[in-house]
Amino acid sequence: MSVSLLRNTAFLPSIPLGIQTIYSAKMRSSLNQETPSQKNLGCDGSGGSSVPELRVFIRRKRVKKTVEVIAKEVKEESSGKKFVRLPEIEDFSYSKDVTHSQSTPSKSVHLTGEKALSQLTQTEIKGFSLSDPLQPPLNWEKVLEGIRKMRSAEDAPVDSMGCEKAGSSLPAKERRFAVLVSSLLSSQTKDQVNHGAIQRLLQNGLLTADAIDSADEETIKSLIYPVGFYTRKASNLKKVAKICLSKYNGDIPNSLEELLLLPGIGPKMAHLVMNVAWENVQGICVDTHVHRISNRLGWVSRPGTKQKTKTPEETRESLQLWLPKEEWVPINPLLVGFGQTICTPLRPRCAICTVSDLCPSAFKEAASPSSTPKK
DNA sequence: ATCCGGTCAC
DNA sequence: GTGACTGGAT
């Protein structure tokens with residue numbers, strides 16, 4: 001309840017540095033209809049069953065001249081479910097994702113500066129009772145279900161083949177390497193073209209770190225042609241093979257951080273490789289379709305605002321704050337296919353979309369002049 | 001002519 | 001943030 005939250009946070013400054021402290025607060029569901037003043041104050045303590053209890057884990061430590069306050073995590077008491085979303089405040093920055101082995105990635109808000117303590121107090125009240133940022137978007141399950149239905153009716157290119165199938169008949173280690181290579185080649189390239197390139201590499205025995213390392217770059221280049229950016233990719237492939245050989249005994253890195261060190265592997269592919277090669281879901285694989293559609297649906301926003309996310313990475317972080325982990329892997333093929341057939345970048349086909357009534361962007365984009373070219 | 005299922009360097 | 005890398009498709 002907000003009263004105890006206020007009281008607790010009020011004596012925060014007296015708590016010794018470095019001690020982890022736990023605060024409890026009751027959070028009112030955003031679905032409840034109530035007056036703003038009630039919202040602002042949160043539950044008055046009558047303890048309705050619709051009000052889940054939250055805990056905030058807070059750590060304080062001294063950083064140079066100021067005190068840094070870190071709200072470690074938020075979790076719902078009743079279900080035990082952890083939330084990693086922390087509320088809107090001014091003058092703060094999100095820390096980088098911290099991933100705990102196989103568990104849910106967590107995120108913390110770092111507050112630094114003189115006003116950190118008072119900011120945190122405001123934040124908790126605002127976040128838990130008013131703006132209620134822990135709630136997933138309204139109707140997201142209906143939207144997802146609708147998209148699934150549309151996807152099973154239509155046939156999108158993504159259905160036919162993807163790099164997740166690369167080398168499915170190979171021994172584990174070679175299969176992982178094949179997945180990595182396939183990811184490397186597949187950016188900005190149609191699956192079919194990519195698949196052909198992988199087949200040619202395989203037929204020439206060039207789908208292991210060892211073979212690629214000793215092969216001629218020109219040979220690789222000609223085999224992977226015509227995947228997009230084949231010159232650069234051939235060069236990256238050589239470098240990656242060498243790294244895999246020297247640092248990982250010919251296998252591929254098994255962590256997100258190490259995958260990102262490989263040339264040609266960025267966040268999108270690193271998450272894909274973790275998902276597919278290691279079956280270890282560290283994050284959502286966000287490509288341009290997932291990015292675009294998440295924003296159209298109003299599923300993501302820049303931290304603490306209602307603005308659209310600007311990059312796929314921002315989208316990934318925003319999505320991961322509320323989307324249940326079971327959906328992290330399937331969301332990509334689902335939205336990619338949807339984005340290829342219906343929710344296209346240009347002139348989305350809202351008229352045939354069965355979830356347009358739940359989409360804040362439906363029919364909003366300039367119905368572009370397919371028949372009225374203005375120049 | 002313009003659009004890609006991305007990454008990297010300025 | 002912006003553009004280069006690349007060539008095929010619409």
Side-chain angles (χ1 to χ4, degrees), chain A residues 147 151 154-166 179-198 200 217-218 220-240 243 253 256-276 283-296 302 307-316 319 328-349 365-366 368-375:
Chain A
I147 295 175
R151 290 283 287 107
E154 297 239 358
D155 205 34
V158 71
D159 289 331
S160 49
M161 58 195 83
C163 74
E164 52 272 14
K165 302 213 177 141
V179 170
L180 179 65
V181 172
S182 181
S183 303
L184 205 46
L185 298 185
S186 70
S187 69
Q188 300 286 283
T189 303
K190 293 279 189 292
D191 276 336
Q192 201 166 344
V193 173
N194 184 41
H195 188 251
I198 293 292
R200 286 190 296 279
E217 189 167 317
E218 286 300 316
I220 294 171
K221 188 170 158 182
S222 65
L223 284 174
I224 64 177
Y225 180 91
V227 301
F229 317 124
Y230 55 89
T231 307
R232 172 156 312 199
K233 284 174 181 174
S235 152
N236 284 340
L237 208 41
K238 289 283 292 182
K239 290 177 190 157
V240 165
I243 294 170
L256 200 61
E257 294 75 18
E258 291 174 289
L259 284 167
L260 288 169
L261 293 177
L262 303 176
I265 296 289
K268 194 252 170 180
M269 294 310 175
H271 284 287
L272 185 68
V273 172
M274 285 308 290
N275 292 179
V276 176
I284 299 171
C285 179
V286 174
D287 55 45
T288 174
H289 294 295
V290 175
H291 178 55
R292 177 183 71 253
I293 295 168
S294 296
N295 276 296
R296 281 183 178 163
R302 287 168 76 78
Q307 300 162 41
K308 291 179 172 189
T309 56
K310 289 214 161 77
T311 65
E313 270 295 271
E314 269 185 11
T315 299
R316 182 181 64 76
L319 259 186
W328 285 17
V329 171
I331 192 86
N332 179 277
L334 191 66
L335 294 193
V336 169
F338 182 54
Q340 288 170 334
T341 55
I342 297 173
C343 198
T344 49
L346 220 48
R347 295 185 283 286
R349 303 165 70 190
E365 305 208 8
S368 196
S370 59
S371 52
T372 50
K374 78 175 176 190
K375 54 176 181 174

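Because only heavy atoms are used, hydrogens play no part in the values below, and waters and symmetry mates are left out as well, while side chains stay in. A note on names: the letters A, B, ... follow the listed sequences, proteins ahead of strands, and every chain is numbered from 1.
Rounded to whole Å, the separation between the P atoms of dT7(B) and dG8(C) comes to 22 Å. For the P atoms, the distance from dT2(B) to dT6(C) is 22 Å, rounded to whole Å. The gap from the P atom of dC3(B) to that of dG3(C) amounts to 14 Å, rounded to the nearest Å.
Checked against Thr315(A) for a side-chain contact (heavy atoms from CB on, under 4.5 Å), the options His291(A), Arg292(A), Lys308(A) give a single hit: His291(A).
Nearest to the side-chain atoms of Lys268(A) among the listed nucleotides dG8(C), dC4(B), dT7(B) stands dT7(B). Between dG5(B), dT7(B), dC4(B), one nucleotide has an atom nearer to the side chain of Pro345(A) than all others, and that is dC4(B). Of the candidates dT6(C), dG7(C), dG6(B), the closest approach to any side-chain atom of Met269(A) belongs to dG6(B).
Annotation: side chain of Leu180(A) is in contact with side chain of Ile265(A) (closest heavy-atom distance under 4.5 Å).
Considering CG of Asp287(A) and CE of Met269(A), their distance stands at 8.0 Å, rounded to 0.5 Å. With rounding to the nearest 0.5 angstrom, the CG atom of Asp191(A) is 7.5 Å from the OG atom of Ser182(A). Expressed to the nearest 0.5 Å, how far CD of Gln307(A) lies from CD of Glu314(A) amounts to 9.0 Å.
Across all strands shown, Leu262(A) has heavy atoms under 4.0 Å from sugar-phosphate atoms exclusively, and none from any base. Nucleic acid contact for Lys233(A): none, since no nucleic acid atom lies under 4.0 Å from a heavy atom of the residue. Within the nucleic acid shown, Pro312(A) has no heavy atom closer than 4.0 Å to any nucleic acid atom. Counting non-hydrogen atoms under 4.0 angstrom, Tyr230(A) reaches the backbone sugars and phosphates but no base.
For Leu185(A) and dG7(C), the CG to C1' distance is 15 Å, given to the nearest whole Å. Put simply, CZ on Arg151(A) is 14 Å from P on dG5(B), counting in whole angstrom units. Between the C1' atom of dG6(B) and the CG atom of Asp191(A) lies a distance of 14 Å, rounded to the nearest Å. In this structure, the CD1 atom of Ile331(A) is 15 Å from the C1' atom of dG5(B), given to the nearest Å. At whole-Å resolution of the value, NZ in Lys190(A) and C1' in dC4(B) are 6 Å apart. A straight line from CZ of Arg302(A) to C1' of dG1(C) spans 12 Å, rounded to a whole angstrom. Rounded to a whole Å, the OH atom of Tyr225(A) is 6 Å from the P atom of dG7(C). Spacing between atom CD of Gln340(A) and atom C1' of dA9(C) amounts to 13 Å, rounded to whole angstrom units.
Using a 3.5 Å distance cut-off with no hydrogens or angles, the side chains of Lys268(A) and Ser187(A) do not pair a donor with an acceptor.
Dashed line: the shortest gap from a side-chain N or O of Ser187(A) to OP1 or OP2 of dT7(B) is not under 4.0 Å.
Ranked by how close their nearest DNA chain B nucleotide is to the 5' end, Asn236(A) and Arg292(A) are led by Arg292(A). Along DNA chain B, the nucleotide nearest Thr189(A) and the nucleotide nearest Arg232(A) are compared for position; the residue whose nucleotide lies closer to the 5' end is Thr189(A).
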